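Data first, discussion second: the structure below is written as structure tokens.
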Amino acid sequence: MGYSQITLVGGLFITVLLLAPAVLATDPDPLQDFCVADLDGKAVSVNGHTCKPMSAAGEDFLFSSKLAKAGNTTTPNGSAVTELDVDEWPGVNTLGVSMNRVDFAPGGTNPPHVHPRATEIGLITQGELLVGIIGSLDSGNKLHSRVLRAGETFVIPRGLMHFQFNVGKTEASMVVSFNSQNPGIVFVPLTLFGSNPPIPTAVLSKALRVDGGVVELLKSKFASGS
Ligand SMILES: *[C@@H]1O[C@H](CO)[C@@H](O)[C@H](O)[C@H]1NC(C)=O
Ligand SMILES: *[C@@H]1O[C@H](CO)[C@@H](O)[C@H](O)[C@H]1NC(C)=O
């Protein structure tokens, strides 16, 4: 290779290295206006969903009414998540965004959880919610928390653990959005105590510094997988 070829190859290599984190940080960019998800096309393994032909997409794929209705908060957590990711809204396919609505009974919680593929931004629409976000060890494992009321907002960097808790006397609700069409969710209690198959009790006993009986008790609470 001549000098100019080496410079070119080196330049390309450095460009790829510089771009790589940006490319991996969010969903890939779309290459067309619309790519309405073909949810029945799941047998095809792609990074997301294949597009329906526009002739089969209908007229309404840019709109959804699914967050208009409150969820039923009579659940073990006292909260109900209404998801609106690509599986509920095929129109967001390839667009790198999605939403959720969460309703809370008084004392209800959205248990500590993590979204592996998205940063989250949220707006309280009703009531009073304690919102907590825990930094990673890099930032000292610090809990950032505040009670937020209707109209107030929060942001949760991708991958950080967070929770909400209704500290008010009435129902509370919030609407959140994500910079991924499929943010994913890892609920800490369910992941630790309700995995399938279960994490061995000896592992959790050592990790959590309690005896096996405590671990078994916690596992019994999440045995149903929800
Ligand atoms: C909410 O869920 C509870 C428990 O499953 C059920 O008993 C109740 O009827 C539901 N309420 C409504 C309004 O659907
Ligand atoms: C309640 O918490 C569990 C994890 O502990 C989770 O699987 C479930 O989706 C939550 N339910 C609601 C309605 O928030």
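Positions are given from 1, in the same order as the sequence printed here. Everything numeric in this text was worked out from a predicted model, so none of it was measured. Atoms within each ligand, like the ligands themselves, are counted from 1 in listed order.
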* **Qualifying residue for side-chain contact (heavy atoms from CB on, under 4.5 Å) with I134, from L160, L143, V114** => L143
* Asked: In terms of hydrophobic clusters joined by side-chain contacts under 4.5 Å, are I121 and M99 together?
  -> no
* Do the side chains of H113 and H162 get nearer than 4.5 Å, heavy atoms only? -> yes
* Could you note down all residue pairs passing disulfide bond (SG atoms under 2.5 Å apart) where residues 46-143 supplies at least one of them, sequence neighbours left out? => C35-C51
Could you list the donor-acceptor pairs under 3.5 angstrom formed by side chains in residues 191-206, with sequence neighbours left out?
{"unit_1": "T191", "atom_1": "OG1", "unit_2": "F187", "atom_2": "O", "d": "2.6"}
{"unit_1": "S195", "atom_1": "OG", "unit_2": "P197", "atom_2": "O", "d": "2.9"}
{"unit_1": "S195", "atom_1": "OG", "unit_2": "I199", "atom_2": "N", "d": "3.3"}
{"unit_1": "T201", "atom_1": "OG1", "unit_2": "E216", "atom_2": "OE2", "d": "2.6"}
{"unit_1": "T201", "atom_1": "OG1", "unit_2": "K219", "atom_2": "NZ", "d": "3.0"}
{"unit_1": "S205", "atom_1": "OG", "unit_2": "V210", "atom_2": "O", "d": "2.7"}

* Asked: What residues sit with at least one heavy atom under 4.0 Å from ligand 1?
  -> N72, T74
* Contacts of E128 that satisfy salt bridge (charged side-chain N to carboxylate O under 4.0 Å, His left out) - sequence neighbours left out -> R149
